[in-house]
Amino acid sequence: MDKISFSINGQRKSLELDPDTRLLWVIRDTLGLTGTKYSCGMSLCGTCTVHLDGEPIRSCATPVSAVAGREVTTIEGLSADLSHPLQRAWIEEEVSQCGYCTPGQIMLAAGLLAKKRKPSDEDIDNTMSRALCRCGTYQRIRRAVHRAAQEV
Amino acid sequence: MTAKTTISRGEFLKVSTAAGTGLALAFHLPLLDKLAAAQAPDSLKPNVWVSIDTSGTVAITMHRSELGQKVWTALPMIVAEELEADWSKVQVKQGDLDPAYGDQSTGGSASVRTTYDKLRRAGATAREMLITAAAQTWNVERSSCRAETGAVIHAPTSRKLTYGELVETAAGLPVPEEVPLKDPRDFKIIGKSLKSLNAASMVDGSAIYGYDFKLPGMLTAVVARCPVFGGKATSYDDSDARAVPGVRRVTQISSGVAVVADDTWAALQGRRALKVTWDEGPNADLSSEDISRTLKEAAQSPGTALRDDGDAQAALDGAAEKLTATYEVPYLDHAPMQPMSCTARVRNGTCEIWTSTQGPATAQAGAIEVTGLPTDAVKVHTLLMGGGFGRGHENDFVKDAVEVARGLDVPVKVIRTRDEDIQHGFYRPTNYHEVQGGLDQRGRPVGWSHRISSASDNVGLVTGGAAELPYAIPNIHVDYVMSDIPVPTGYWRSVANTQNAFVNECFIDELAAAAGKDPYEFRRELLQDHPRHLGVLDLAAEKASWGKRLPRGRHQGLAVHFSFSSYAAVVAEVSVDRQGGIKIHKMVCAIDCGTVINPDGVRSQVEGGITLALTAALYGAITLKDGRVQQSNFHNYKLLTMREMPVVETYIVPSTEPPTGVGEPPVPPTPPALVNAIYAATGKRIRRLPIDTGELQQG
């Protein structure tokens, strides 16, 4: 057990735990933030995507020791009030079906828009193909990313 | 109790869905009227679906399971339409398992079509009571009042009372037994693409799925399972597992050995440290090759007839041209993004379950099987499901949780990891098919004979869609044989239509080619007695510009199929390169599903069903070796990605017929449309799924 301190959604946390604990389970179980999801546990699907110092990472593959002293942002911290352009676009475009992949998709897309203000379809393919959706909402995800890019 | 008698003023039927009591109905006897009258009713609750309070908020109970098919919005739309509700005042509540709701199983694309009338009446009942309450309040003729968007209006004087203002009076009225329903031409809500009511919770992370559910003091468990179907743990060494900080207990259950811990990470680490000795049982050398051989052998014996028009054998024997083909499709896993999970608490002679399920009654039955408790001691709470596709009908994950919970005095959530979910599924069965077709000298089909050989011994998973061949062929024989293969099988979105539409629509395409005819025209000629099949076929062909010039290298294929009372046709547009690489450019789907509740919801289901079907056709296969499923995660059970996603266009046939299925119908015609397009592109027929691009290499 180690003491690991980091910031999550703007709040400082200091936790005593196994430093090898995957960040996903610290977020979901220790901190009770269940917006970030488990689906594969092997960095294959993207449902566990959060931001580490603003960059998308796969929390299922990240030991909590790696975030010591750094800033983690989860879907709950993306905006206070559904005001992020991607959240608005997701709602306007009626993207989500079951919604389970939605937080990871949005966090990954947010990372893309932070780097590329007007991503092309190829940019979207290159980034978003790493986030799986079994309900088949890809066409709408693409539209939502373009829509949010107009606003940003 | 389902009394539907008309009762006098002063007494009233009040249907209560007080959570946890299982009480469907409570009579308020005259003795209690004084108590009831002492506090004026603050809501109108004429039935289990609608409750309106003095603020005008309309609480509608959604009694099925939300899996992404958007019943959360569509079913309340039906109630709200007849109620003449102000949609902005509607709030949806999840209905837990309760006989008062009737059937709560969510599947068969049946939620809208089997509850449409019931939900319309539920909303209309409340509307009529509100109109009566207003007429009484104003002391006017009831016929001069109308309900409109959350208020009742007295037309001659333009007076208006909102529903909130009327609930106290309305709640004192008898509940009418017969109520008029709106003319569909007056619909304001049904038929509109209203936004999903739960979308916000999905984009801000607040939506709670089964996997997320928590209770105070809850423990978390994962189960180590034998990798071979039918195997059992003979012994285990849990000393290392129990040494993992946070692990509380290790216990054997029917399906394996459970590690129970304070949280998920501890449970996973504990399971990793657990050493189990397995008796792999009788299936330890089962392989996909064995299963395939068994199905082929079984197909050599006559099957149970599903259809026997004329004399197919004689027609085939006398045909000018005869074709034969065999088709084979593999086991498929559902692989929803959320793996299976269930939270259970067993204490004081009761059992309470919280789970993502498509079958709360089945979940309850599973708990009863484990505990032996009576029905009214077992409560089931339905949670939002991260993808169902039919997997949620099973109760294996419920039984696991109840077994673990039985030994604890706190609630426990049993979750699965992805490998478990893939390797311990209830698969779409593998099937082998033999088909023969005969043409006369003018290229018209005269005979069709189809034998299905399935790895499932559940006829409900084997035959759907096969005998419903719509084409005007005078001699048709369809039969099936089943083998009892020890691999669990279950309902996979569109069920037996997946294999039977593949066969029907690929083979009719082969007959068209043998007849030297365009596949669309060939089908058209044979569907003259089936206007709704023709309707979708024509619409899809028109919108896909069938027969028109396509961009260089692009080719089209099509398919049409009837399932779950709806008609769907798909045109696939592909190109295939010399290495056999397939690029799917566009999928055009025409669907006739009768009256549409929410058009955008239909489009979502078409897009989703097509994506699932393309994934299956390109990548989907669960294979076995040494009794073990060889796939374990998304690297070897691949899903379609954004990059591979074609454009999907949906065209809905306008209809005033009653609503019919939407979730499943787009799936069956998709793989044959794709495979037929590949034939158009390459001249090669694919008769095995998933597609082997090696078969498409040129040179």
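A note on names: the letters A, B, ... follow the listed sequences, proteins ahead of strands, and every chain is numbered from 1.
With a threshold of 4.5 angstrom between heavy atoms, A335(B) approaches chain A through its backbone and through its side chain. Looking at L268(B), only its side chain comes within 4.5 Å of chain A, counting heavy atoms on both sides. For R603(B), the parts sitting under 4.5 Å from any heavy atom of chain A are the backbone and the side chain alike. Residue contact with chain A, scored on non-hydrogen atoms closer than 4.5 Å, involves the side chain of Y637(B) exclusively. No part of L614(B) comes within reach of chain A, as not one of its non-hydrogen atoms sits under 4.5 angstrom from that chain.
The main-chain N or O of P336(B) is never found under 3.5 Å from a side-chain atom of R134(A) such that the two would form a donor-acceptor pair. No donor-acceptor pair closer than 3.5 Å links the side chain of T264(B) to the backbone N or O of W25(A). With E94(A) contributing its side chain and K195(B) its backbone, the two residues share no donor-acceptor pair below 3.5 Å. In this structure a side-chain-to-backbone donor-acceptor pair under 3.5 Å is missing from Q97(A) to Q605(B). Although no hydrogens or angles enter the test, the distance criterion places a donor-acceptor pair under 3.5 Å between the side chain of Y209(B) and the main chain of G99(A). Distance alone, capped at 3.5 Å, places no donor-acceptor pair between the T102(A) side chain and the V203(B) backbone.
Salt bridge status for R28(A) with D263(B): absent, with no side-chain N to carboxylate O gap under 4.0 Å. With salt bridges taken as basic N to acidic carboxylate O contacts below 4.0 Å, one links R140(A) and D600(B).
Between D204(B) and I75(A), every side-chain heavy-atom pair lies at or beyond the 4.5 Å cut-off. The shortest distance between side-chain heavy atoms of E607(B) and T137(A) does not fall below 4.5 Å. The side-chain heavy atoms of T641(B) and R130(A), taken from C-beta on, include no pair separated by under 4.5 Å.
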(message) Determine whether C133(A) and M337(B) satisfy the following criterion, side chain to side chain contact (heavy atoms under 4.5 Å, CB included), listing intermediate values before the conclusion.
(response) CA-CA 7 Å; C133(A) 170; M337(B) 292 313 286; 5.9 Å; no
Please lay out, stage by stage, how Q338(B) and C98(A) fare under the test side chain to side chain contact (heavy atoms under 4.5 Å, CB included). CA-CA 9 Å; Q338(B) 184 192 224; C98(A) 85; over 6 Å; no
Check step by step if side chain to side chain contact (heavy atoms under 4.5 Å, CB included) holds for F389(B) and C135(A). CA-CA 9 Å; F389(B) 316 116; C135(A) 295; 4.2 Å; yes
Next item on the list: List the steps, then state whether side chain to side chain contact (heavy atoms under 4.5 Å, CB included) holds for D29(A) with K214(B).
Entry: CA-CA 9 Å; D29(A) 291 348; K214(B) 283 192 210 301; 3.7 Å; yes
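Contact record, R418(B) with S39(A): NE-O, 2.8 Å, taken as the closest heavy-atom pair. The two atoms that bring Q139(A) and V648(B) nearest to each other are OE1-N, 2.6 Å, heavy atoms only. Annotation for G386(B) and Y100(A): closest pair CA-CB, 3.9 Å, computed over non-hydrogen atoms.
The choice from S196(B), A199(B), S193(B) that makes the most heavy-atom pairs within less than 4.5 Å of chain A is S196(B). In terms of heavy-atom pairs under 4.5 angstrom with chain A, the leader among E66(B), H334(B), E644(B), Q269(B) is H334(B). The most heavy-atom pairs under 4.5 Å with chain B, out of L24(A), D20(A), L33(A), come from D20(A). The most heavy-atom pairs under 4.5 Å with chain A, out of L640(B), N633(B), T220(B), come from N633(B). When the candidates Q105(A), M1(A), E92(A), E122(A) are compared by the number of heavy-atom contacts under 4.5 Å with chain B, E92(A) comes out ahead. Interface check for chain A: of the options P646(B), G387(B), G205(B), the most heavy-atom pairs under 4.5 Å are formed by G205(B). In terms of heavy-atom pairs under 4.5 angstrom with chain A, the leader among D212(B), D419(B), T611(B), D262(B) is D212(B).
Between Y211(B) and Y38(A), the ring planes lie parallel to each other; the angle is under 30°, not in the 30° to 60° tilted range.
A donor-acceptor pair shorter than 3.5 Å can be found between the side chains of D18(A) and W265(B).
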